[in-house]
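The block underneath contains the structure these notes are about, expressed in structure tokens.
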Amino acid sequence: MNPSIPLLSLLSFLLLSSLPSSLSSNPTTTQTTTPLDHLCNNLGGFYITPDYCFTTFAADSRSHTADYNLLALICLNLTISNATDVKSTINSMLTSSTFSSSTPSSEPVYKGLQTCFKLYDDVIASLRWSAQSVSAGRYDGAKEVVEQAVGVPASCDAMPGLPLSKENDGFSRIALLSQAVVSYLAN
């Protein structure tokens with residue numbers, strides 16, 4: 001037997017065993033990907049960055065161990081919570097003395113706030129229905145409702161003089177994430 005063959009085998013073994021596990025082809029080394037990792041890293045087509053996705057889901061500790069269905073429910077519940085906060089902000093504006101329906105200069109803003117209040121009130125009810133649909137595994141109907149919810153901030157922003165751009169932007173982002181998650185599961 002040629003003495004260089006065992007030496008070559010030993011060198012090959014040492015070289016392969018010194019490679020980082022990500023470069024070796026050892027079948028026992030597998031990288032586990034959670035549904036959250038998979039989801040957040042595959043929503044780019046919806047203009048959702050992985051950072052925003054992970055940061056948003058970090059608000060609920062169940063996200064790290066959740067399956068896809070629970071992730072969709074978590075996201076929808078975060079969206080409902082955000083819409084509820086916006087609605088509460090609008091209600092505070094409507095009840096403040098700053099905007100009054102009796103002051104001619106603020107009447108258009110007051111009416112715009114009333115319209116946005118109604119839009120957010122309606123979207124909350126719709127998103128609750130979507131959450132029930134997702135809970136039952138019916139993603140298609142939920143997908144269509146969430147797609148409509150994404151348009152609410154633009155409708156409010158189209159009304160002149162409303163001081164809601166920050167609130168509408170926040171809702172728009174979380175609603176877009178919900179749309180992406182539900183659409184991803186519907187496909």
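Note that the coordinates shown come from a computational prediction; the quantities given were computed from them, not determined experimentally.
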Problem - Spacing of Asp37 atom CG and Asn42 atom CG [to the nearest 0.5 Å] - result: 10.5 Å

Handout entry: Closest heavy-atom pair and its distance - Phe171, Ala83
Key = CE1-CB, 3.5 Å

Exercise for the section: Could you tell me whether the side chain of Val146 reaches within less than 4.5 Å of the side chain of Leu127, counting heavy atoms only? Expected result: yes

Exercise for the section: Starting at CG of Leu76, measure out to CH2 of Trp129 and round the result to the nearest 0.5 Å. Expected result: 11.0 Å

Practice task
Taking the side chain as every heavy atom from C-beta outward, state whether Tyr184 and His38 have any pair of such atoms under 4.5 Å apart.
Solution key: yes

Problem - Pairwise side-chain contact, Tyr52 with Ile174, heavy-atom cut-off 4.5 Å (strictly under) - result: yes

Exercise for the section: Would you indicate whether the side-chain heavy atoms of Ser130 and Val182 approach each other to under 4.5 Å? Expected result: no

Exercise for the section: Evaluate the criterion side chain to side chain donor-acceptor pair (under 3.5 Å) for residue pair Asp85 and Tyr120; output intermediate values, then yes/no. Expected result: CA-CA 10 Å; Asp85 290 346; Tyr120 275 100; over 6 Å; no

Exercise for the section: To the nearest 0.5 angstrom, please state how far the CD atom of Gln114 sits from the CG atom of Leu119. Expected result: 12.0 Å

Exercise for the section: Determine the minimum heavy-atom distance between Lys143 and Asn187, stating which atoms define it. Expected result: NZ-OD1, 4.2 Å

Practice task
Hey, could you give me the CG/CZ distance between Leu36 and Phe54, rounded to the nearest 0.5 Å?
Solution key: 5.0 Å

Exercise for the section: Search all heavy atoms of Glu167 against all heavy atoms of Thr89 and return the closest pair with its distance. Expected result: OE2-CG2, 3.6 Å

Practice task
Mind checking the CG-CG spacing from Leu177 to Asn82? Nearest 0.5 Å is all I need.
Solution key: 11.5 Å

Exercise for the section: Would you indicate whether the side-chain heavy atoms of Leu164 and Met93 approach each other to under 4.5 Å? Expected result: yes

Problem - Side-chain heavy-atom pair Val181, Tyr68 within 4.5 angstrom cut-off - result: no

Completion exercise
Heavy-atom closest pair (Leu70 atom, Asp67 atom, distance to 0.1 Å) is N-OD1, 2.8 Å

Fill in the blank from the handout: The side chain to side chain contact (heavy atoms under 4.5 Å, CB included) partner of Asn168 among Cys156, Ser155, Cys116 is Cys156

Handout entry: Note, Ile80 side chain near Arg128 side chain (heavy atom, < 4.5 Å)
Key = yes

Practice task
Could you tell me whether Lys118 and Asp122 make a salt bridge, using a distance below 4.0 angstrom between a side-chain N and a carboxylate O?
Solution key: yes

Practice task
Check whether any side-chain N or O of Asn77 sits under 3.5 Å from a backbone N or O of Leu73 as a donor-acceptor pair, and report yes or no.
Solution key: yes

Completion exercise
Shortest non-hydrogen pair, Ala72 vs Leu185, comes out as CB-CD1, 3.6 Å

Handout entry: Distance, nearest 0.5 Å, that separates OG of Ser183 from CG of Leu43
Key = 9.5 Å

Exercise for the section: Keeping the roles fixed (side chain from Thr79, backbone from Cys75), state whether a donor-acceptor pair exists under 3.5 Å. Expected result: yes

Exercise for the section: Please tell me if the side chains of Gln148 and Val145 come closer than 4.5 Å, counting only heavy atoms from C-beta onward. Expected result: no

Practice task
Output yes when a side-chain donor or acceptor of Ser63 lies under 3.5 Å from a complementary backbone atom of Phe57, and no otherwise.
Solution key: yes

Completion exercise
Heavy-atom closest pair (Leu113 atom, Ile90 atom, distance to 0.1 Å) is O-CG2, 3.3 Å

